[in-house]
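Each remark here refers to the structure printed beneath this line.
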Amino acid sequence: MVLLKNYLSFSDQVNILKTCRDLGLGPGGFYQPGYREGASLHLKMMCLGKNWDPEKSAYEDIRSMDSVKPPMIPAEFNQLVEKAIHDSRGLIERNHKTRNAASQLPLMSPDICIVNFYSATGKLGLHQDRDETPESLKKGLPVVSFSIGNTAEFLYSDERDPENADKVLLESGDVLIFGGKSRHIFHGVKAILPDTTPHALLEETNFRPGRLNLTFRQY
Ligand code: SIN
Ligand code: MN
């Protein structure tokens with residue numbers, strides 16, 4: 001698991017926010033999902049590439065709720081994801097004095113991006129991401145997560161028990177990667193910290209206070 005602090009530049013963050021806002025208002029855009037495994041999702045969601053249906057815990061090419069094909073993932077988002085994986089490998093090799101980071105952290109080309117928007121009361125229970133194909137999971141192809149806006153208290157653990165989970169703050173511009181051995185980590189969002197979005201970002205985008213998170217995966 002790799003956390004790249006403050007990795008997305010200010011202009012990347014502005015571009016991602018504006019692009020997601022535009023896509024989110026169009027066909028296949030943001031909606032309030034119902035339940036997953038009986039737990040309600042306290043966030044707004046939009047999927048790019050393929051749609052993830054929280055009630056079926058499965059992907060589909062057409063969003064069954066309204067028969068809309070999800071928007072494509074913008075090419076510049078995927079370039080950032082691939083660069084983040086390469087940079088993480090460099091970090092693993094330097095920190096652990098190894099040369100085989102490529103086997104620990106496989107490369108992936110995203111064909112799914114789940115975009116979540118959390119308001120002040122947003123949260124997400126501990127879960128694993130395991131609806132991708134068995135091959136993708138078996139290879140440990142990473143999930144790459146971009147955080148923009150308010151800070152999240154992010155929980156992660158080898159077990160589902162939130163009491164024993166570790167906590168890390170995900171701030172605007174942070175990129176978190178879980179692949180290889182950490183691909184099946186339990187994770188969730190305990191709380192969103194109010195008024196933690198960088199002022200310049202609010203001024204530049206007129207963005208409604210909250211937190212935007214994008215998770216990229218390969219089906
Ligand atoms: C997720 O697990 O789908 C999102 C995690 C996050 O918002 O940081
Ligand atoms: Mn997840």
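Side chains are part of it too, since the values below use all heavy atoms of this structure and drop only hydrogens, waters and symmetry mates. All of these numbers come straight from a predicted model, not from anything done at the bench. The first residue in the sequence is number 1, and the count goes up from there. Counting starts at 1 for both ligands and their atoms, in listed order.
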Checklist entry - What atoms of ligand 1 come closer than 4.0 angstrom to any heavy atom of Asn116? => result 3 (O), 4 (C)

Next on the checklist: Please verify the inter-ring angle class for Tyr59 with Trp52; under 30° counts as parallel, over 60° as perpendicular, anything in between as tilted.
Outcome noted: tilted

Checklist entry - Is the closest N or O pair between Ser147 and ligand 1 shorter than 3.5 Å? => result no

Next on the checklist: Please confirm whether Ile114 approaches ligand 1 to less than 4.0 Å, judged on its heavy atoms.
Outcome noted: no

Item to check | From Ser88 atom OG to Ile177 atom CD1, the distance as rounded to the nearest 0.5 Å | outcome: 3.0 Å

Item to check | Nitrogen or oxygen atoms of Asp129 and ligand 1 under 3.5 Å apart | outcome: no

Checklist entry - Quick one: angle His127 NE2 - the Mn ion (ligand 2) - His187 NE2, to the nearest 10°? => result 90°

Checklist outcome for this item: Counting heavy atoms under 4.0 Å, the part of Leu124 that contacts ligand 1 is side chain

Checklist entry - Considering distance alone, does some N or O of His127 sit under 3.5 Å from an N or O of ligand 1? => result yes

Item to check | Tyr7/Phe146 aromatic ring centres below 6.0 Å | outcome: no

Checklist entry - Distance from Arg217 atom CZ to Ile112 atom CD1, nearest 0.5 Å? => result 7.0 Å

Checklist entry - When you measure from the Mn ion (ligand 2) to each N, O or S atom of Asp129, which atom gives the shortest distance? => result OD1

Checklist entry - Is Arg211 close to ligand 1, meaning an N/O of one under 3.5 Å from an N/O of the other? => result yes

Item to check | Donor + acceptor pair across side chains of Asn213, Ser145 (<3.5 Å) | outcome: yes

Checklist entry - Between CD of Gln13 and CG of Asn6, what distance do you get to the nearest 0.5 Å? => result 7.0 Å

Checklist entry - In terms of the angle between their ring planes, are His187 and Phe178 parallel, tilted or perpendicular, with boundaries placed at 30° and 60°? => result tilted

